[in-house]
Amino acid sequence: MSRGGSSGTGGGRGGIGRALRAFQQRVEPTVVRVLLLVVFVTGLTAQFVTPLGNALEGKAYLVGALLSFVAFILYDALKELTAAARLPARLEANSRNLGNFVADAFESRRVEISFFGYTGETLYNELYHRLERLQDAPGPTRQVTIRMIVPDFSQPMNVPSKVGADGAAEDAPEFRRRIELKCQEYDQILTRLAAGLTRRGHVDVNCEYRVIAGPPLHKLCIFNRKRVLHGLYDVSSKMSIEGPEYYDPKGYDTDLTVLAAERRPEDEPAVGQWVKHFDDLWTLAAQAPRWRRAAAA
């Protein structure tokens, strides 16, 4: 199990940096407005109150006051325009950077993270560290919902599979079982963490795995129904285990396109479509994995 395989992004310098940025974003607009308003009022008062005008000397303060008032009125528009200019035309991310998105999602009171793909190992690592951290420092988070859809590895598949003659895919039950046991382990660990956090009463956490028939072709992560990461697996990727080769998509190498409705209004329609797509898949994948069915029996 690669529990420690990825570095947590919520602690150390990264956590302090995010906290400072959040504080700056929350306080900066108010501070700037107050300062601009003070300059405006002071300048305008000095224009008509002689002692104050003499103290400040000159008439330039009237122009400064008017300019400050205009900046006060246009501050929000200028701030949004500057932010838009810094935003790239299309955001891209690597699966190795999922920790940043998980950390941002957990800044909310209600957290919802959804995954559809191969095993979810990269996301699992980040969720494990984040849920562990909630035990001592829940922060603003009060409710967490984690939904994971993975392939039904109990069924024959072309991916993952064994590399046969001329590169043909051959079903490999023993390899599928190996991958299934990984998912089972991730599910059990996250579920145990979720139950422990819920018992403490500070945070209500629910984690559920479901399976769906078919090979893992694309990777989809949704954070708080506002940010979507999606990309295609390299289904031709191979790995060797004591000689034989297997087709085994490397999820941690998958490049992802980022749609951020809260930062780019033009992304809202696409984010809505992906959220609906996942919700529909969640309904279709109503069957629990066989390890959960076996435990229930």
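Note that these values count all heavy atoms, side chains included, but never hydrogens, waters or copies made by symmetry.
I179 has its side chain within reach of T119: a pair of non-hydrogen atoms, C-beta onward, lies under 4.5 Å apart. Contact check for E92 versus T257: side-chain heavy atoms found under the 4.5 Å cut-off. Considering only heavy atoms from C-beta on, L256 stays 4.5 Å or farther from N97 through its side chain. Two residues are said to be in side-chain contact when any heavy atoms from C-beta on lie closer than 4.5 Å; R210 and R147 fail this criterion. With contacts defined as side-chain heavy-atom distances shorter than 4.5 Å, the pair L197/V144 does not qualify. E180 is not listed as a side-chain neighbour of V150, based on a closest heavy-atom distance of 4.5 Å or more.
Y186 is not connected to Y252 by any chain of hydrophobic side-chain contacts under 4.5 Å among Ile, Leu, Val, Met, Phe, Trp and Tyr, and they are in different clusters. Each of M157 and V163 belongs to its own hydrophobic cluster when Ile, Leu, Val, Met, Phe, Trp and Tyr are linked at side-chain heavy-atom distances under 4.5 angstrom. One hydrophobic cluster holds both Y118 and I241 under the rule that ILVMFWY side chains link at heavy-atom gaps under 4.5 Å. Under a hydrophobic-cluster definition in which Ile, Leu, Val, Met, Phe, Trp and Tyr are linked whenever side-chain heavy atoms come within less than 4.5 Å, directly or via other members, L123 and I146 are assigned to the same cluster. Both L217 and V159 sit in one connected hydrophobic cluster of ILVMFWY residues. Membership requires side-chain heavy atoms under 4.5 Å apart, directly or through other members.
Across all non-hydrogen atoms, the minimal contact from P151 to G117 is CD-O, 3.1 Å. The heavy-atom pair separating A165 from E170 by the smallest distance is N-OE2, 4.0 Å. When all heavy atoms of L190 and C207 are compared, the pair lying nearest together is CB-SG, 3.7 Å. Taking both residues in full, the closest heavy atoms of R263 and P265 are given as O-CD, 3.8 Å, listed atom of the first, atom of the second, then distance.
Partner of E262 under the salt bridge (Lys or Arg N to Asp or Glu O under 4.0 Å) criterion, out of R225, K226, R227: R227 alone. Between N94 and the options T122, T254, D255, D253, a side chain to side chain donor-acceptor pair (under 3.5 Å) holds for only D255. The only member of K219, E121, K250 that meets side chain to side chain donor-acceptor pair (under 3.5 Å) when paired with S95 is K219. Partner of D187 under the side chain to side chain donor-acceptor pair (under 3.5 Å) criterion, out of Y209, Y124, W291: W291 alone.
Under the side-chain contact (heavy atoms from CB on, under 4.5 Å) criterion, Q188 pairs with Q184, sequence neighbours left out. Remark: D204 engages no residue in a side chain to side chain donor-acceptor pair (under 3.5 Å) (not counting sequence neighbours).
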Verify side-chain contact (heavy atoms from CB on, under 4.5 Å) between E126 and F106, making sure each step is shown before the conclusion.
CA-CA 11 Å; E126 299 299 339; F106 273 80; over 6 Å; no
Check the pair C221 / F101 against side-chain contact (heavy atoms from CB on, under 4.5 Å), numbers first and verdict last.
CA-CA 10 Å; C221 301; F101 296 91; over 6 Å; no
Check the pair R292, T191 against side chain to side chain donor-acceptor pair (under 3.5 Å), reporting the backbone distance first and the verdict last.
CA-CA 11 Å; R292 285 202 170 200; T191 300; 3.1 Å; yes
Might you work through the salt bridge (charged side-chain N to carboxylate O under 4.0 Å, His left out) test for K182 and E185, ending with a clear yes or no?
CA-CA 5 Å; K182 279 189 177 183; E185 182 181 27; over 6 Å; no
Stepwise side-chain contact (heavy atoms from CB on, under 4.5 Å) test for R110 and T145
CA-CA 8 Å; R110 298 182 61 181; T145 301; over 6 Å; no
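At least one donor-acceptor pair under 3.5 Å links the side chain of N224 to the backbone N or O of A105. A side-chain donor-acceptor contact under 3.5 Å links R176 to the backbone of Q155. Side-chain atoms of R96 do not come within 3.5 Å of backbone N or O of A93 as any donor-acceptor pair. With hydrogens and angles disregarded, a donor-acceptor distance shorter than 3.5 Å links the side chain of D267 to the backbone of A260.
Here the straight-line distance linking atom NE2 of H129 with atom CD of E132 works out to 7.5 Å at 0.5 Å rounding. Separating the CG atom in L193 from the CD atom in Q135 is a distance of 6.0 Å, to the nearest 0.5 Å. Distance check, rounded to the nearest 0.5 Å: NZ of K276 to CG of D280 gives 3.5 Å. How far CD1 of I113 is from CE of M148: 9.5 Å, rounded to the nearest 0.5 Å. Interatomic distance, CG of D248 versus NZ of K162, reported as 15.0 Å (0.5 Å rounding). The line from CG of L259 to CZ of R264 is 9.0 Å long, rounded to the nearest 0.5 Å.
Ring planes of H218 and F116: perpendicular class, angle over 60° (limits at 30 and 60°).
More than 12 heavy atoms of other residues, nucleotides or ligands sit less than 6.0 Å from atom CG of D171.
Residue pairs meeting the ring pair (Phe, Tyr, Trp, His ring centres under 6.0 Å) criterion with at least one partner in residues 224-251, sequence neighbours excluded, are F175-Y246, H230-W274.
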